[in-house]
There are 2 protein chains.
Amino acid sequence: MRDQNPAKGLQRAELARRTGANLETVRYYEKVGLLPPPPRTASGYRSYDRAHERRLSFILRARELGFSLEEVRALLRLVDERDQPCAEASRLAAAHLADVRAKIADLRRMESVLKNVVAQCGDGTRPDCPLIETLFREAAAE
Amino acid sequence: MRDQNPAKGLQRAELARRTGANLETVRYYEKVGLLPPPPRTASGYRSYDRAHERRLSFILRARELGFSLEEVRALLRLVDERDQPCAEASRLAAAHLADVRAKIADLRRMESVLKNVVAQCGDGTRPDCPLIETLFREAAAE
DNA sequence: CTTGACCCTGTAGTCGCTACAGACCGTAGC
DNA sequence: GCTACGGTCTGTAGCGACTACAGGGTCAAG
């Protein structure tokens, strides 16, 4: 097993395991500038510390809340600059909340139509299929 | 103005306008095999008929309901083969409905967390930002 | 000294479009 | 007939957010 001494730095796979990130995602976040490039060992291996782990967890949690990478980037900038970030952070969260609610509304319209057609289809023995008829005939939802 | 005689076929832009599709999307659907390649004029322009319009509308409505292009492809296959499609169509719709409901559930978890942090942030004058603290401290949702 | 597990890089693929660039066509006005 | 302006054609590249290789280097255990 590899080095797990906390003073010595984590390898990429270990960081991924600890945070729940996919291995390749870690490199991707570095590439797009969300994670700072970690120091390297003599042979070129990345060596992460607790600050990286903390930052990666932050990113992953923001992603779980549905923030885009650009939004995450903005949040991280607030964290890094740390002068009165709450007003701006709150604005970002509120804007994102509105997005989320819009998506929920869209999905609910879909759900409602789908629920109806599935109910009408019943056991599927009908000669005319309500789903197919719906798609041919009407606008999907209003 | 171009030919709008319904007996003579529609050009791509006209088909797009009538169905509400984006111009480029029409060509894309042809490329991926959802729309059959229409006949061409002597100079190579596509010439669509009512069947194309009907099929394109079908695709767009299925997309509005959130079906993936692969699911749309499956639905169109059922339409084309037309032997007792309802059981299979209903199965597709039910599976998709489950997806939609799962997405709604995910989004609702996000909404709930975001709503709380926005409320806690208040007017954004706090020195510690509840959003940023949340992202650093906790798992986002359970 | 070999095996196998890890690491490195760069690149291509995913989904569903969307947006060009650069060429051709077709019509209206002069 | 000439020109301008729009439409159409093709192929290709880009988006977001990863994910999955290929082809190589490194490291520790047996």
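Sequence lines set the chain letters: A, B, ... in the order given, protein chains first and strands last, and positions in each chain run from 1.
Defining each end axis of the helix from C/dC1-D/dG30 to C/dC30-D/dG1 as the rotation carrying four pairs' C1' atoms onto the next four, with five pairs an end, the two axes are found to diverge by 30° to 10 degrees.
Atom C1' of nucleotide C/dA12 and atom CD of A/Glu24 are separated by 13 Å, given to the nearest angstrom. Rounded to whole Å, the distance from CG on A/Leu34 to C1' on D/dC18 is 12 Å. The separation between A/Asn22 atom CG and C/dG13 atom P is 19 Å, rounded to whole Å. Summarising the geometry, the separation between CD on A/Glu64 and P on D/dC18 is reported as 11 Å, rounded to the nearest angstrom. Rounding to whole angstrom units, CG of residue A/Leu23 and C1' of C/dT9 are separated by 13 Å. The CG-C1' distance, from B/Asp99 to C/dC15, rounds to 15 Å in whole Å. In this entry the distance linking CD1 of B/Ile59 with C1' of C/dG16 reads 13 Å, nearest Å. Put simply, CZ on A/Arg12 is 16 Å from P on D/dC27, counting in whole angstrom units.
The shortest distance between the side-chain N/O atoms of B/Thr25 and the OP1/OP2 oxygens of C/dT18 is below 4.0 Å. A close approach under 4.0 Å does not occur between any side-chain nitrogen or oxygen of B/Arg46 and OP1 or OP2 of D/dT8. Close to C/dG26, at under 4.0 Å from its OP1 or OP2, lies a side-chain N or O of B/Ser43. Side-chain nitrogen and oxygen atoms of B/Gln11 include at least one within less than 4.0 Å of the OP1 or OP2 phosphate oxygen of D/dT8. For B/Arg40 and C/dC25, the shortest distance from a side-chain N or O to OP1 or OP2 is not below 4.0 Å.
With D/dT8, D/dC27, C/dA19 as the candidates, the nucleotide lying closest to the side chain of A/Tyr45 is D/dC27.
For the ring-ring contact (aromatic ring centres under 6.0 Å, His included) test, no residue two or more places apart in sequence or in another chain qualifies with B/Tyr29. For B/Tyr28, there are no ring-ring contact (aromatic ring centres under 6.0 Å, His included) partners, not counting sequence neighbours. The salt bridge (Lys or Arg N to Asp or Glu O under 4.0 Å) search around B/Glu70 returns B/Arg73, not counting sequence neighbours. Evaluation of the salt bridge (Lys or Arg N to Asp or Glu O under 4.0 Å) rule for A/Glu24 yields A/Arg27 as partners, not counting sequence neighbours. Scanning for salt bridge (Lys or Arg N to Asp or Glu O under 4.0 Å) contacts around B/Arg63 gives an empty result, with sequence neighbours left out.
Put simply, the side chain of A/Glu133 never gets that close to the backbone of A/Pro130: no donor and acceptor are under 3.5 Å apart.
Pairs engaging residues 74-107 of chain A under the ring pair (Phe, Tyr, Trp, His ring centres under 6.0 Å) rule: A/Phe67-A/His96 [sequence neighbours left out]. Listed by first then second residue, pairs satisfying ring pair (Phe, Tyr, Trp, His ring centres under 6.0 Å) with a partner in residues 70-95 of chain A number zero, not counting sequence neighbours.
B/Glu64 is not listed as a side-chain neighbour of A/Met110, based on a closest heavy-atom distance of 4.5 Å or more.
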Kindly give the atom pairs (protein nitrogen or oxygen, nucleotide nitrogen or oxygen) under 3.5 Å for nucleotides 12-17 of chain D.
from: D/dA17; atom 1: OP2; to: A/Leu69; atom 2: N; distance (Å): 3.3
from: D/dA17; atom 1: O3'; to: A/Arg63; atom 2: NH2; distance (Å): 3.3

